[in-house]
Participant: 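Can you keep this structure in mind? I'll have questions shortly.
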There are 2 protein chains.
Amino acid sequence: MAISIKISLNQGLYQRDPQETSLGKKIIKHAILLIDEIGFESFNFKRLAARMESTEASVYRYFENKHMLLLYLVSWYWEWVSYLIDIHTMNIEDPSKRLKIIIQTFVKASKENPAIEYVNESILHRIIITEGTKAYHIKQVDKENQEGFFLNYKHLSEKVAAVIKEVNPTFPYPRALASNLFEMANNHIYFAQHLPRLTDVKVEQDNFDEVEKMLEYLTFRLLEK
Amino acid sequence: MAISIKISLNQGLYQRDPQETSLGKKIIKHAILLIDEIGFESFNFKRLAARMESTEASVYRYFENKHMLLLYLVSWYWEWVSYLIDIHTMNIEDPSKRLKIIIQTFVKASKENPAIEYVNESILHRIIITEGTKAYHIKQVDKENQEGFFLNYKHLSEKVAAVIKEVNPTFPYPRALASNLFEMANNHIYFAQHLPRLTDVKVEQDNFDEVEKMLEYLTFRLLEK
DNA sequence: CAATAATGATAGTAATGCTATTGTTGATAA
DNA sequence: TTATCAACAATAGCATTACTATCATTATTG
């Protein structure tokens with residue numbers, strides 16, 4: 001029996017909810033594969049349609065443009081990580097332990113059991129690492145922020161900040177540390193793989209242990225009293 | 001008398017060296033202004049040419065495409081920050097003091113005296129903050145890395161890592177801390193301005209003091225023995 | 001002053017980023 | 001069972017983008 005998770009996202013992200021139809025799911029599935037394959041700059045709806053054997057016009061019925069599709073994927077990932085954190089920390093009392101699990105989730109979300117058949121979480125993780133920040137480094141950021149398009153990131157970040165505060169209530173930068181942990185997790189996997197002189201950690205195959213170890217070390221040095 | 005700095009960049013970044021001609025300088029100048037104005041996604045060579053009253057073909061004689069132009073600007077910025085660090089730390093003995101100056105430079109490079117008349121450093125800084133990472137979050141990163149297109153970032157990062165090692169030779173992640181300081185400086189200015197719930201610092205007008213204070217705090221907590 | 005390099009002017013082409021229209025299919029409801 | 005309707009496919013079309021090519025003109029330099 002498959003467990004069915006329904007990730008809830010801001011309705012403004014899409015024209016028609018892709019989770020509701022089989023064509024919608026197909027769009028998500030192939031978008032993830034294709035962006036990973038050719039990169040976000042080369043990705044477009046015509047190529048996507050060709051790949052999934054549908055038409056450009058049909059894709060446009062689900063997403064306004066490729067930026068919104070990326071934002072949808074990124075939001076989906078934020079929400080998914082948030083969900084993973086919830087289920088993994090549910091019964092854990094010790095906030096330090098919870099924070100460790102959070103770090104592990106940031107780094108290794110992609111190693112989880114696949115939750116949804118049309119989303120390849122491992123490949124999506126690669127997209128987040130490479131293309132993720134492009135979703136909010138845009139000219140229209142304030143407008144989209146007003147429409148609540150980045151709420152999933154904020155919620156995730158605030159969830160983590162709350163745990164940081166539990167670990168050390170006097171630490172003055174819990175939100176910054178929370179968002180930085182997420183960004184750093186992605187960045188240093190990327191650096192290790194592509195620009196290794198910008199980091200100290202090594203990543204072989206899909207072994208991100210050193211990244212996790214580094215984040216743990218930094219975090220608990222900052223939070224120790 | 002104007003002080004004349006010549007920033008040296010990888011020749012592969014451009015087709016013709018823009019620092020050598022007045023048209024080249026004009027391209028740099030107006031590219032900075034226009035990217036800041038309309039964002040990198042909307043920016044293109046036709047618009048740039050129109051703005052500077054030249055032609056598209058002429059711009060293409062200097063840069064292969066807009067990605068290379070962005071990479072040129074980002075490299076220029078890395079190199080300029082590197083230069084600022086050199087002159088500001090030149091006579092400082094104490095490595096902790098040098099590191100503080102580095103942090104200040106990361107955050108406030110844009111407040112420096114303009115060094116080159118055709119580069120508005122303050123506006124360039126805004127571009128780095130918003131668009132900077134797009135220069136290396138690309139599909140072709142490995143190929144471009146092989147050609148040495150990111151050397152300026154690496155050198156900057158290694159320069160900072162060396163000082164970090166001086167402050168605390170046992171700290172296990174000097175390179176990661178170095179690159180993270182640079183990324184964090186930019187990120188948290190951006191967050192404070194656009195997505196304030198992702199950070200704890202406030203930025204009013206062009207006052208980045210809180211970002212600087214935060215980076216100092218984090219850095220020296222990590223490095224204290 | 002001759003030669004040559006840089007730029008401007010113009011045109012053109014393939015790809016991109018859409019929108020519109022019309023036809024087909026498959027599900028639902030009367 | 002058929003009428004209705006929504007979703008999707010098929011096709012076309014158009015403005016913009018991302019270049020490349022050619023040729024004329026203007027600066028530079030030897």
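All values below come from the heavy atoms of this structure, side chains included, with hydrogens, waters and symmetry mates left out.
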Participant: To the nearest Å, give me how far apart CG (A:Asp17) and C1' (D:dA7) are.
Facilitator: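 Interatomic distance, CG of A:Asp17 to C1' of D:dA7: 15 Å.
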
Participant: May I ask you to test the A:Ile123-A:Ile35 pair for a side-chain heavy-atom distance under 4.5 Å?
Facilitator: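 Contact flag for A:Ile123/A:Ile35 side chains = no.
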
Participant: For A:Lys139, is there an ion pair with B:Glu41 - N to carboxylate O distance below 4.0 angstrom?
Facilitator: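 Looking at A:Lys139 together with B:Glu41, the answer is no, because their closest N to O distance does not fall below 4.0 Å.
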
Participant: With a 4.5 Å limit on heavy-atom distance, are the side chains of A:Ile128 and A:Leu73 in contact?
Facilitator: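 A:Ile128 does not reach A:Leu73 side chain to side chain.
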
Participant: Just by protein heavy atoms under 4.0 Å, how would nucleotides 6-24 of chain C read 5' to 3' in B, S and -?
Facilitator: SBB-------SBBBB----

Participant: List for me each residue that meets side-chain hydrogen bond (donor to acceptor under 3.5 Å, both in side chains) alongside A:Gln15, sequence neighbours excluded, and say none if there are none.
Facilitator: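 A:Gln15: no side-chain hydrogen bond (donor to acceptor under 3.5 Å, both in side chains) contacts found.
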
Participant: Got a donor-acceptor contact below 3.5 angstrom from the A:Glu210 side chain to the A:Lys202 backbone?
Facilitator: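 Judged by distance alone, yes, a pair lies under 3.5 Å.
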
Participant: Rounded to the Å, how far apart are A:Met52 CE and D:dA9 C1'?
Facilitator: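 Those two atoms, CE and C1', are 12 Å apart.
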
